[in-house]
Amino acid sequence: AQPPYCVPRAAQLALRETLAQVDVATLNVGLSLWGTWLAKSAAKARVPFVYNAEGALDPVRLRVKRLQKQLFLRCCERRVLRRAAAIQAVTAAEADAIVQQGALRERIHVIPNGVLLPPAPVAESVAQLRERGRERLSVPRDAFVILFFGRLHDVKGIDLLLAAAAPLLVGQRDVRLAIVGPEDGVGAALQRQAQALGVQDRVVFHR
C-alpha cells in the first residue's frame with residue numbers, strides 16, 4: 001500500500017526515530033509533501049521545527065503551475081506554516097510573501113544569506129582564481145566586473161539588473177557585466193535586450 005503522504009516507509013521510520021532524539025528540527029523546502037509529513041510527525045513528537053521555504057513562496061515562482069500550487073497551499077502548506085515554531089526569510093520582501101500565505105509575522109525572522117570571507121592565507125589563491133575567471137570571460141584585467149551567477153530564468157530578474165546596469169556600462173569604459181549560468185528560458189531575450197540598450201559589447205554571457 002502507498003505510505004501516507006507518499007513518503008517511503010523507511011523514511012517515515014527513520015524520521016520518527018530521529019525526532020525522538022532531537023530538540024528541534026528544520027524544514028528547508030517549501031511546497032513539498034515531505035514538509036507536510038514532517039510537520040505532522042514533529043507535532044506528534046512535540047518537537048518544534050523551523051520552516052524555510054527556500055524561495056518557493058515567492059509570488060513570481062507561485063505563478064508557475066499556479067493552479068497546482070494554489071491547491072497545495074490551501075490543502076497542505078498553510079497548515080505547515082501555522083505549525084512552524086519559527087520561520088526563516090532571507091529578505092523583508094520574502095517575509096511579506098510568507099505572511100500573505102497565512103504565517104504569523106511574529107514567528108518570521110529575516111536572516112540574509114551570509115558571505116563567507118576567505119582567511120588571509122588563501123587570499124593569494126583567491127586572486128589567482130579571479131584572474132583565471134577574467135581570462136575565461138575575456139574581461140580586461142583592470143575592469144570593474146558586475147557578476148550575476150545563476151540559472152537564466154525569468155524569476156531571477158536578470159532583465160532588471162541589465163536595465164539598471166546599462167547607464168553605468170555606457171558611461172564607464174572599464175565596467176563589464178558578466179552573466180554566468182545555464183540557460184533556462186531567457187538567454188536569447190537578455191542578449192536582445194543588451195543589444196537594444198547598446199551595451200552588447202560590455203555584457204558577457206557564459207554558460
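Just so you know, residue 1 is the first one in the sequence shown, and it goes up from there.
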Should Glu94 and Val110 be marked as a side-chain contact (heavy atoms from CB on, under 4.5 Å) after you check the CA-CA gap, both sets of side-chain angles, and the distance that decides it?
CA-CA 9 Å; Glu94 184 179 21; Val110 178; over 6 Å; no
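- You'll find the side chain of Gln191 reaches within 4.5 Å of the side chain of Phe205, heavy atoms only.
- Arg66 CZ: 12 or fewer foreign heavy atoms inside a 6.0 Å radius.
- Under the side-chain hydrogen bond (donor to acceptor under 3.5 Å, both in side chains) criterion, Gln200 pairs with no residue at all, not counting sequence neighbours.
- The OH atom of Tyr51 sits 12.0 Å away from atom CZ of Arg82, with the distance rounded to the nearest 0.5 Å.
- Contact detail for Val60 and Val155: the closest heavy-atom pair is CG1-CG2, 3.6 Å.
- Listed here is the closest heavy atom pair of Leu27 and Gly35: CD1-CA, 3.6 Å.
- Rounded to the nearest 0.5 angstrom, Asp174 CG and Arg202 CZ are separated by 8.5 Å.
- From Arg151, atom CZ reaches atom CZ of Arg207 across 14.5 Å, with rounding to the nearest 0.5 Å.
- Between Val203 and Leu190 there is no side-chain heavy-atom pair separated by less than 4.5 Å.
- Annotation: side chain of Leu73 is in contact with side chain of Leu31 (closest heavy-atom distance under 4.5 Å).
- When hydrophobic clusters are built by joining Ile, Leu, Val, Met, Phe, Trp and Tyr residues whose side-chain heavy atoms come closer than 4.5 Å, directly or via intermediates, Ile111 is not grouped with Ile87.
- What you find for Leu177 and Ala165 is that their closest heavy atoms are CD2-CB, 4.4 Å.
- The structure places CG of Leu169 at 8.5 Å from CZ of Arg176, a figure rounded to the nearest 0.5 Å.
- Residues Ala56 and Leu62 share a closest heavy-atom pair of O-CD2, 3.5 Å.
- Heavy atoms only, all atoms of each residue included: Pro182 and Gly150 are closest at CD-O, 3.9 Å.
- Between the side chain of Gln193 and the main chain of Asp159, a donor-acceptor pair closer than 3.5 Å is present.
- Linking Ile, Leu, Val, Met, Phe, Trp and Tyr residues whenever their side-chain heavy atoms come within less than 4.5 Å leaves Val90 and Val99 in two separate clusters.
- Counting non-hydrogen atoms of other residues, nucleotides and ligands closer than 6.0 Å to CZ of Arg136 gives a total of 12 or fewer.
- The two residues Glu183 and Val186 have their closest heavy-atom pair at OE2-N, 3.1 Å.
- Residue Leu15 is grouped with residue Trp34 when hydrophobic side chains (ILVMFWY) are merged at heavy-atom distances under 4.5 angstrom, including chains of intermediate members.
- For Arg79, the CZ atom sits in a loose shell: 12 or fewer heavy atoms of surrounding residues, nucleotides or ligands are nearer than 6.0 Å.
- The hydrophobic clustering, which links ILVMFWY residues whose side-chain heavy atoms are closer than 4.5 Å, places Ile108 and Val29 together.
- Looking only at side-chain heavy atoms (C-beta outward), Asp154 and Asp184 stay at 4.5 Å or farther from each other.
- Rounding to the nearest 0.5 angstrom, the gap separating the CD atom in Glu131 from the CZ atom in Arg141 is 5.0 Å.
- The CD1 atom of Ile146 lies 10.0 Å from the CD1 atom of Ile179; values are rounded to the nearest 0.5 Å.
- Phe148 and Leu197 fall within a single hydrophobic cluster, where Ile, Leu, Val, Met, Phe, Trp and Tyr are joined by side-chain heavy atoms under 4.5 Å apart, directly or via other members.
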